[in-house]
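Note: hydrogens, waters and symmetry copies are ignored here, and every other heavy atom, side chains too, is used.
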Amino acid sequence: MIPAGWRQPRVVLAAVGLVLAALVGTVIAQRGEVGLDDVFITYRYAQNLAEGHGFVFNPGERVFGTTAPGFGLLLAGLHKVTGIPIPWLGALCTGLSALVLGLALFATARKEGHGLEALGGALLLATTSYLWIHAGSEIPFALALLVLAGLVVERWPVAAGVLAGFAVWCRPDALLGAGVVGLLEWRARRRLPWRYGVVVGGVVAVGLALAWSWFGVPLPSTLEAKRIQASLGTQFWASGFAFWGTAYQSLYFLVEPAGRFAFFCFGMLGWVPVLRYGGRVGQVLGGTALVLLVAYPLLGVPFYTWYSLPVVITLCFGYAFALGLLIRRSFRFFGGSRAAVVVTGLVVLAVFGLSTWRLAARGWGGLTHRAHDPRYHFYREAGEWLAANARPGDDLAFVEVGTLAFYSRLPVRDQLGLVTPESLPFLGARDIVGAFLAKPTAWFLFDERLGGFTKDVAAEPWFTAAFEEEKRFTSAPLNRTLVMHRRRPEVAIPPPRPPLRRDSPR
């Protein structure tokens with residue numbers, strides 16, 4: 001018999017919250033401050049702001065090189081108040097986002113009699129490696145803000161507008177999700193939610209004005225960089241119709257290829273029950289993912305794994321709802337007897353058992369393994385070595401700049417143009433050498449695995465005379481070597497020149 005207290009919604013919600021919080025806390029304790037290189041770009045902005053250098057990537061350069069300005073401002077403020085290192089704050093925000101999404105959907109779906117399915121999805125989300133390899137990303141945080149906006153928009157439209165507007169500050173494409181919240185409220189109440197819309201518009205307008213006054217442009221320069229990346233048509237940046245095909249392949253982070261198709265199919269099957277039984281939370285979550293599913297190929301942006309997070313999060317819940325749907329339908333089909341329970345269990349085990357085991361094994365095994373994401377440790381080692389060995393005024397040129405810049409504290413020239421807009425014309429011409437010559441740096445990092453992105457510069461006739469090798473960093477898990485070169489200031493190199501059309505980087 002279930003104790004009477006456990007039937008109360010608040011007690012059940014508190015118990016579920018404690019379980020999810022324990023799982024999230026365990027993952028954060030294991031992974032710590034590990035993150036993808038790109039999240040460290042935003043961390044660098046937050047770092048410089050917290051240290052009094054302004055909201056910039058390189059001190060003295062007001063370049064709008066982050067797509068998460070609101071998230072960066074939040075991290076800087078939290079760091080100043082709490083003293084917690086910024087990468088840890090990023091991981092905590094990811095955990096908090098998973099907790100909000102899971103609890104909100106559980107509380108809503110439970111009213112429709114589908115709380116167990118929502119709980120299963122919340123547990124899967126809290127432990128999925130696909131979420132945690134993107135720890136520190138602003139996308140789950142923005143999605144959580146949109147879900148909260150959807151929950152309160154009917155009663156407190158102004159508060160909902162502030163939440164949705166700040167989600168757009170954290171991630172520009174969250175504007176589509178803010179529109180989903182407004183459309184759902186319009187559909188439910190049969191009248192235009194003008195208060196909500198006005199507040200969202202006002203908050204977004206303030207953000208654009210602040211960006212323009214600080215950076216001189218209202219939108220991130222990364223948008224132009226990614227547009228150019230997509231136009232190159234290389235294997236690195238799939239776009240258009242290839243966008244979601246590449247996203248499907250990237251699910252190997254979540255489950256091995258043998259289970260990828262099952263997860264995708266079951267997740268898609270459960271998408272409709274999420275929308276139907278998840279109330280406003282499920283509708284905001286699934287609706288936002290659906291809009292982005294269509295928008296990204298149309299916008300022509302190049303694929304990066306974090307773009308697929310809203311879809312993968314929805315698929316996690318969809319997978320659990322599909323499992324619940326199968327159990328309920330099988331139980332009814334076999335009449336609800338004890339034999340029905342046994343038969344239903346066997347059916348579910350046969351259909352879902354193997355794929356669920358694979359999801360759990362890949363997710364939890366990847367999260368608790370201390371050798372996760374060796375590239376982070378690789379770049380951090382190089383960055384910390386630079387911090388200890390570089391001279392005042394030194395700078396560095398490379399193509400993956402976030403982690404190196406954060407830990408080295410050096411100005412970094414981004415040859416792909418995300419935080420160095422001067423590189424963009426050279427990127428469009430596939431002229432990485434020209435991008436380097438436009439502003440040569442004291443340090444150059446060669447990476448044999450990045451092909452033409454660094455090899456072209458190191459292959460130039462003048463490079464051997466002008467640069468000397470100082471340090472090698474080797475990663476056995478990555479089968480990769482970084483070679484740190486220091487410039488000889490007495491040796492001349494070619495002057496800056498216009499972009500020259502070259503072959504695509506290999």
* Asked: Distance from Tyr407 atom OH to Glu381 atom CD, nearest 0.5 Å?
  -> 13.0 Å
* Nearest heavy atoms of Asp37 and Glu400, plus distance in Å -> OD2-C, 3.4 Å
* Of the options Leu123, Leu116, Val16, which is the one that meets Phe106 in a side chain to side chain contact (heavy atoms under 4.5 Å, CB included)? -> Val16
* Do Leu323 and Glu117 have side-chain heavy atoms sitting under 4.5 Å apart? -> no
* Asked: Would you find more than 12 non-hydrogen atoms of other residues, nucleotides or ligands less than 6.0 Å from Phe473 atom CZ?
  -> yes
* Are more than 12 heavy atoms from other residues, nucleotides or ligands located less than 6.0 Å from atom CH2 of Trp244? -> yes
* Could you pull out the closest heavy-atom pair between His134 and Thr94, with the gap in Å? => O-OG1, 4.3 Å
* Ile84 and Leu78: CA distance, side-chain angles, deciding distance, side chain to side chain contact (heavy atoms under 4.5 Å, CB included) verdict -> CA-CA 8 Å; Ile84 298 173; Leu78 291 174; over 6 Å; no
* Minimum-distance pair of heavy atoms, taken over all atoms of Gly120 and Ala320 -> C-CB, 3.7 Å
* What's the shortest heavy-atom distance between Gly102 and Phe317, and which atoms? -> CA-CZ, 4.0 Å
* Just by modelled atom types, is the Pro157 backbone N or O under 3.5 Å from a matching donor or acceptor in the Arg195 side chain? -> no
* To do: Mark yes or no for whether Ser213, through its side chain, and Leu210, through its backbone, hold a donor-acceptor pair below 3.5 Å.
  => yes
* **Parallel, tilted or perpendicular, as decided by the 30° and 60° cut-offs, for the rings of Phe40 and Tyr43** => perpendicular
* To do: Please tell me if the side chains of Ser408 and Trp385 come closer than 4.5 Å, counting only heavy atoms from C-beta onward.
  => no
* Could you tell me whether the side chain of Thr128 and the main chain of Leu125 form a donor-acceptor pair under 3.5 Å? => no
* Asked: Does the side chain of Asn58 reach to within under 4.5 Å of the side chain of Val63, using non-hydrogen atoms?
  -> no
* Asked: Say you draw a straight line from CG of Leu145 to CD of Glu138; how long is it, rounded to the nearest 0.5 Å?
  -> 11.5 Å
* Asked: Does the side chain of Thr305 pick up a donor-acceptor pair with the side chain of Tyr130 at under 3.5 Å?
  -> no
* Asked: Hey, are the side chains of Phe64 and Pro69 touching, using non-hydrogen atoms and a 4.5 Å cut-off?
  -> yes
* Would Ser221 and Phe215 satisfy side chain to side chain contact (heavy atoms under 4.5 Å, CB included), going step by step from the backbone distance to the final call? -> CA-CA 10 Å; Ser221 60; Phe215 296 112; over 6 Å; no
* Asked: Got a donor-acceptor contact below 3.5 angstrom from the Asn48 side chain to the Phe57 backbone?
  -> yes
* Asked: Quick one: are the ring centres of Tyr277 and Phe321 less than 6.0 Å apart?
  -> no
* Structure fact -> Tightest non-hydrogen contact, residues Ser137 and Trp306, listed as OG-CB, 4.5 Å
* Where do Thr82 and Leu89 land on the side chain to side chain contact (heavy atoms under 4.5 Å, CB included) test, with the steps shown first? -> CA-CA 10 Å; Thr82 66; Leu89 289 171; 4.2 Å; yes
* When you measure from the side chain of Trp132 to the backbone N and O of Ala126, does any donor-acceptor pair fall under 3.5 Å? -> yes
* Can you tell me how far OG1 of Thr403 sits from CD of Glu384, rounded to the nearest 0.5 angstrom? -> 11.0 Å
* Scan side-chain atoms only and decide if Thr222 and Thr67 contain a donor-acceptor pair under the 3.5 Å cut-off. => no
* To do: Given side chain to side chain contact (heavy atoms under 4.5 Å, CB included), test Leu315 with Trp271 step by step and report yes or no.
  => CA-CA 7 Å; Leu315 289 176; Trp271 200 309; 4.1 Å; yes
* Are the side chain of Trp169 and the backbone of Val203 linked by a donor-acceptor contact shorter than 3.5 Å? -> yes
* To do: State whether a side-chain donor-acceptor pair under 3.5 Å links Glu185 with Tyr196.
  => no
* Side-chain heavy atoms of Glu112 within contact of Arg276, under 4.5 Å -> no
* Check the side chains of Tyr307 and Asp173 for a donor-acceptor pair under 3.5 angstrom, ignoring hydrogens and angles. => no
* To do: Verify, without hydrogens or angle tests, whether Trp214 (side chain) and Phe55 (backbone) share a donor-acceptor contact under 3.5 angstrom.
  => yes
* To do: Decide yes or no for Ile139 and Ile313: does some side-chain heavy atom of the first lie under 4.5 Å from some side-chain heavy atom of the second?
  => no
* Structure fact -> Correct closest heavy-atom pair for Ala167 and Ala174 would be O-CB, 3.5 Å
* Asked: Is there side-chain contact between Arg375 and Leu36, with at least one heavy-atom pair below 4.5 Å?
  -> yes
* Is there a donor-acceptor pair closer than 3.5 Å between any side-chain N or O of Tyr45 and the backbone N or O of Gly65? -> yes
* To do: Working to the nearest 0.5 Å, report the span between CG of Leu101 and CZ of Phe141.
  => 11.0 Å
* Find the distance between CD (Gln47) and CG (Leu75) and round it off to the nearest 0.5 Å. => 12.0 Å
* Does some side-chain heavy atom of Leu148 sit less than 4.5 Å from a side-chain heavy atom of Val152? -> no
* To do: State whether Arg280 and Glu154 are salt-bridged, where the test is any N-O pair (Lys NZ or Arg NE/NH1/NH2 against Asp/Glu carboxylate O) under 4.0 Å.
  => no
* **Leu309 CG to Leu131 CG distance, which is reported to the nearest 0.5 Å** => 6.5 Å
